[in-house]
Novice: 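Sharing a structure with you now.
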Amino acid sequence: DTGVSQDPRHKITKRGQNVTFRCDPISEHNRLYWYRQTLGQGPEFLTYFQNEAQLEKSRLLSDRFSAERPKGSFSTLEIQRTEQGDSAMYLCASSLGSGRAYEQYFGPGTRLTVT
Amino acid sequence: AQRVTQPEKLLSVFKGAPVELKCNYSYSGSPELFWYVQYSRQRLQLLLRHISRESIKGFTADLNKGETSFHLKKPFAQEEDSAMYYCALYGGSQGNLIFGKGTKLSVKP
């Protein structure tokens, strides 16, 4: 296991298009998180899953954003009708359960550019 | 509101000098605080947590509840310490980490 992986690493899209990102967590981790990071900011929480259940969503996650983790393994984050303000680095992280949830292992990120 | 503040965007020191990266937090409960680090071209990774009170790569951090601070310190900086450092607060029941904006540490030879 080489850690958390994300695909694609870079995505350039035109405003109004839909995009989907994938995250593969560390195999024994049951928690999976999505964060967004813009220039000069720290990562901002979007949502997280425990197994296949989506337990928390940030107010940052507008109706155009949807995340799934259908079998409790990999997760996808979809952004519909992208806007220029969606341009950011999208980070995925995974962790063990509640007692160790603070120790999150991050992926390399997907950099989204909306033109 | 839960918040983490890192007042310095950039901290530049010479090799061998002491380093202190500041972090202040706002949290209504009993906080769990962490430092994450991102070296150039690498992914974000956990550096240390306040509960363990351990020293990692020569860094230590003490939680001061009175001053609501969790500053990261190292007595003698090394060039390989150059990186982006993020202070983070664990949201507990919400399950997420709340990050500060980060401080870029540059250690000059």
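Naming: A, B, ... by sequence-line order, numbering from 1 per chain.
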Novice: What's the shortest heavy-atom distance between B/Asn96 and A/Phe45, and which atoms?
Specialist: CB-CD1, 3.1 Å
Novice: Quick check on B/Glu67: does its CD atom have over 12 non-hydrogen neighbours (other residues, nucleotides or ligands) under 6.0 Å away?
Specialist: no
Novice: Once you round to the nearest 0.5 Å, how far does CG of A/Leu91 lie from CD of B/Gln38?
Specialist: 7.5 Å
Novice: Should the heavy atoms of other residues, nucleotides or ligands under 6.0 Å from CD of A/Glu68 be counted, would the total exceed 12?
Specialist: no
Novice: Determine, using the 4.5 Å side-chain heavy-atom cutoff (strictly less than), whether B/Leu63 and B/Ile98 are members of one ILVMFWY cluster.
Specialist: yes
Novice: Verify the cluster assignment for A/Leu112 and A/Leu61: are they in a single hydrophobic cluster under the rule of side-chain heavy atoms below 4.5 Å apart?
Specialist: yes
Novice: In the single-linkage hydrophobic clustering (I, L, V, M, F, W, Y; side-chain heavy atoms under 4.5 Å), do B/Val19 and B/Val37 co-cluster?
Specialist: yes
Novice: What's the separation between atom CG in B/Leu97 and atom OG in A/Ser95, rounded to the nearest 0.5 Å?
Specialist: 8.5 Å
Novice: About how many Å separate CZ of B/Arg43 and SG of A/Cys92, when rounded to the nearest 0.5 Å?
Specialist: 10.0 Å
Novice: For the hydrophobic clusters of this structure (ILVMFWY residues joined by side-chain heavy atoms under 4.5 Å, transitively), does one cluster hold both A/Tyr33 and A/Phe21?
Specialist: no
Novice: Considering all heavy atoms of both residues, which atom of A/Gln37 and which atom of B/Tyr86 are nearest to each other, and what is their separation?
Specialist: NE2-OH, 2.9 Å
Novice: Is B/Tyr39 reachable from B/Leu48 through a run of hydrophobic residues whose side-chain heavy atoms are each under 4.5 Å from the next?
Specialist: yes
Novice: Can you name the closest pair of heavy atoms from A/Arg31 and B/Tyr90 and give their distance?
Specialist: NH1-OH, 3.7 Å
Novice: Output the distance between atom OH (B/Tyr36) and atom CD (A/Gln104), rounded to the nearest 0.5 Å.
Specialist: 5.0 Å
Novice: Tell me, side chain or backbone of A/Tyr105 under 4.5 Å from chain B's heavy atoms, or both, or neither?
Specialist: neither
Novice: Relative to chain A, which segment of B/Arg49 carries a heavy atom at a distance below 4.5 Å: side chain, backbone, both, or neither?
Specialist: side chain
